[in-house]
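Working notes for the structure below.
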2 protein chains.
Amino acid sequence: MLAKVRGERLLASSIHDLARHLNISIGTVSRALNGRADVNADTRQRVLEAARQLNYSPNQSGRSLRQGATRSIAFMLQPHPGDQQYGEPFFIPFLTGLQARLAEHDLDLMVVMGEPGQYQQERLRRVVETRRADAVVLANTRREDDRIDYLSKAGFPFATLGRSQSGGDTYPSLDIDFEKAGSDAVDRLVARGHRRIAAIRPSHDLNFGYLFLDGYRKALKRHGIEVDPGLIADGFINEAGGYQVTPRVMASKERPTAIIFNNDAMALGGCKALAEMGIRPGHDIAVIVIVDTPLCRYFSPALTAFRPSLEPMGRRLAEMLLASLPAFAGPEGTRIMREVWPLELIARESD
Amino acid sequence: MLAKVRGERLLASSIHDLARHLNISIGTVSRALNGRADVNADTRQRVLEAARQLNYSPNQSGRSLRQGATRSIAFMLQPHPGDQQYGEPFFIPFLTGLQARLAEHDLDLMVVMGEPGQYQQERLRRVVETRRADAVVLANTRREDDRIDYLSKAGFPFATLGRSQSGGDTYPSLDIDFEKAGSDAVDRLVARGHRRIAAIRPSHDLNFGYLFLDGYRKALKRHGIEVDPGLIADGFINEAGGYQVTPRVMASKERPTAIIFNNDAMALGGCKALAEMGIRPGHDIAVIVIVDTPLCRYFSPALTAFRPSLEPMGRRLAEMLLASLPAFAGPEGTRIMREVWPLELIARESD
DNA sequence: CGTTTTTCCGTAAACGTTTACGAGAACACA
DNA sequence: TGTGTTCTCGTAAACGTTTACGGAAAAACG
């Protein structure tokens, strides 16, 4: 249907039009446009000139078919159960960085979200099997992630935001250092005199929850503080989850004087619960949030939090993915399979 | 490079493999898979069965080339000057709805963002001319939008989130009723006894700013209140903009007792400025925000705001776009070119 | 001037589909 | 039995590229 309009010259013309117009074969035109060496400097000029005049750009479907590459990357956003918002404020900056770097290589970004709460194997398979993308970027990585297993077995290139236990070190991944954040948070609180420190993290198989807890535990031990299971709780990764689970740790026989939340939405819910108990963060209890979002800043009291550099992370993961693709790989040795990025402490009023 | 692995049977096979395996021509296989009538029921069964076994799905590039349609829609996000965040909390829910409805039709979503502050004509042209998408959804519509002009002239299908003065009623568009929101906000404030009401909106050519101001003005006139230009101000559409411009309206000879902000980030900046002047929203001044985001809810005091139904809007715009595409059009008469959606008032503490 | 090399270009196949066309077989009908 | 219909399928072209191959012309070389 689109071809019909072709004659109007506003729409792109095909390489045949160009060749006809120049009295030249399409092969030569193609070689000229693609910078091949075996074409006369003169004719190359004429071709480029004509391409500009006729407003020609190569049809991507034709290219994809011939080259076996679509020049597009799929970004898969799999909502955690309970999270209706895809980690809303988290992903836009990351996506911005990712797509910016991809765009520099003329790669397009396809975004695949799932129905909340539903796993995306089907959508993923479709992308892979119909060859809609050349590679996949996985977000919301789980501890055991069947998407990773599938892609590994299929030999389909991919990279992940967040580590997983699946698949080993065979694919590029970029992660936030939740372990260090958990540890740093404990250090900070201990330095301020706290010894009863609670930890609240998302339930389900989210890998970062485990990393966080590792750091938390190790730091406590380092400070000679015994880990009290009553001070550790899991909940749904949303406001309701935090609201529901916070009273549980507060009900511990010896009340905690500080809480570390491993998710911003859970922290907000937790603070609501605290407020209802008449406990004021920043006064009666110290609160630290592990991943900062704009909400933490504007909440009252403003929440002390650890912040990742999301946009640079997006750029970086794009680079790592590209470096792992044969078609883009630079010098062989430069392939980096794993990076763990630190978080920056943003001290505010809640601790 | 991908083809190399084909033999391993984990990767998709081609229609030729299927035909060979069944001792049948590829034409028949294709017709069987596509539900054409002229194929024996038996053979269709065998084909479908084999397709399942061999894990066959059609290569999208091949399809696109043959059919002249890519089955993907591009979503263009053009940041407003001054907005580094692409209206961050605004777009994820919209995108969620959009992509959900598109996915139901097996359409993929390609997201194209621009460098902040840079217009995207180039990126848009590339998508259109290389035929990477079958249609485009435009966001961040401007009052005069050259993207709309371009797409109209090129005869390329598109739809917009937000109205524009460009292009007339020739394309599907879905808009938030900023005019009514501006008017409703004034009504509410007047009913609560206010008569000196300020309006702060983004500068630049953003259409919704004009609509909002129209509603604001009309409502004032309806209540017999003279419009005071000193109470209207434009600023950059970010926190700094609100911070910078709010003192200006507060410096008016007769101080306003209420402010309507046409953007959440500007409202937050404005509240900061107010706080520094010792003026408390909800006590000393009434504040209403025109587009609600999660930030408004958690801010202290919680900001009264008008909220759009972003996810349903995304779904709806997808429907409208599809209905306008020949390949998807239902009955001719059902093409809806323009819809304006109301906002819901979320009364909180700031007014 | 003859031979070899280089430069440049045209030809045609290939990527994986869909689909217009036509033909053989089976069937119906007179 | 002859004719017309209906089912079913194979053939081949087409979508727009890129690229392997070979060959003609030009240049280089002896």
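Since we're looking at a predicted model, the values are computed, not measured. Order of the sequence lines sets the chain letters (A, B, ...), proteins ahead of strands, with each chain counted from 1.
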Between C:dC8 (P) and A:Leu22 (CG): distance, integer Å
17 Å

Return the value, rounded to whole Å, for the distance between atom CD1 of A:Ile15 and atom P of C:dG10.
12 Å

Below 4.0 angstrom, which residues in residues 29-39 of chain A have at least one non-hydrogen atom near DNA chain C?
A:Arg31, A:Asp38, A:Val39

Selected nucleotide, minimal atom distance to A:Ser25 side chain, candidates C:dT11, D:dT17, D:dT11
C:dT11

Distance, rounded to the nearest Å, where A:His16 contributes NE2 and D:dG16 contributes P
8 Å

Would you indicate what B:Ile26 reaches in the nucleic acid, counting non-hydrogen atoms under 4.0 angstrom: base, sugar-phosphate, or nothing?
base

Rounded (10°) bend between the five-pair end axes of the helix from C:dC1-D:dG30 to C:dA30-D:dT1:
50°

Please check the phosphate of D:dG10 (OP1 and OP2 only) for any side-chain N or O of B:Thr28 closer than 4.0 Å.
yes

Interatomic distance, A:Arg66 CZ vs C:dA13 P [rounded to whole Å]:
13 Å

Rounded to the nearest 0.5 Å, how far apart are CD1 of B:Ile24 and CZ of B:Arg31?
10.0 Å

Please report the distance, rounded to the nearest Å, between CZ in A:Arg131 and P in C:dT17.
10 Å

Within the pair A:Asn59 and D:dT17, is there a side-chain N or O less than 4.0 Å away from OP1 or OP2?
no

Rounded to the nearest 0.5 Å, what separation is found between the CZ atom of A:Arg126 and the CG atom of B:Asp108?
4.5 Å

Is there a salt bridge (charged side-chain N to carboxylate O under 4.0 Å, His left out) between A:Glu49 and A:Arg46? Walk through the geometry before answering.
CA-CA 5 Å; A:Glu49 176 57 27; A:Arg46 285 175 50 222; over 6 Å; no

Would you say a side-chain N or O of B:Ser61 is under 4.0 Å from OP1 or OP2 of C:dT17?
no

Please give, in whole Å, the distance from C:dT11 P to A:Ile24 CD1?
12 Å

Could you please spell out the steps behind the side-chain hydrogen bond (donor to acceptor under 3.5 Å, both in side chains) verdict for B:Gln60 and A:Thr130?
CA-CA 5 Å; B:Gln60 183 57 39; A:Thr130 64; 5.3 Å; no

Mind calculating the distance between CD (B:Gln67) and P (C:dA20) to the nearest angstrom?
11 Å

Any side-chain donor near an acceptor of the partner, A:Asp134 and A:Thr70, under 3.5 Å
yes

Please determine whether salt bridge (charged side-chain N to carboxylate O under 4.0 Å, His left out) holds for the pair A:Arg36 and A:Asp38, giving the CA-CA distance in whole Å, both sets of side-chain angles, and the decisive distance to 0.1 Å.
CA-CA 6 Å; A:Arg36 288 258 179 292; A:Asp38 57 346; 5.7 Å; no

Going by side chain to side chain donor-acceptor pair (under 3.5 Å), name the residues that satisfy it together with B:Ser25, two or more places apart in sequence or in a different chain.
B:Thr28

Could you check whether the rings of A:His105 and A:Phe328 sit parallel, tilted or perpendicular, using 30° and 60° as the cut-offs?
perpendicular

Nearest-Å distance, CZ (B:Arg20) to C1' (D:dG10)?
16 Å

N or O in side chain of B:Arg63 less than 4.0 angstrom from C:dT18 OP1/OP2:
yes

Spacing of A:Ser164 atom OG and A:Tyr171 atom OH [to the nearest 0.5 Å]
4.5 Å

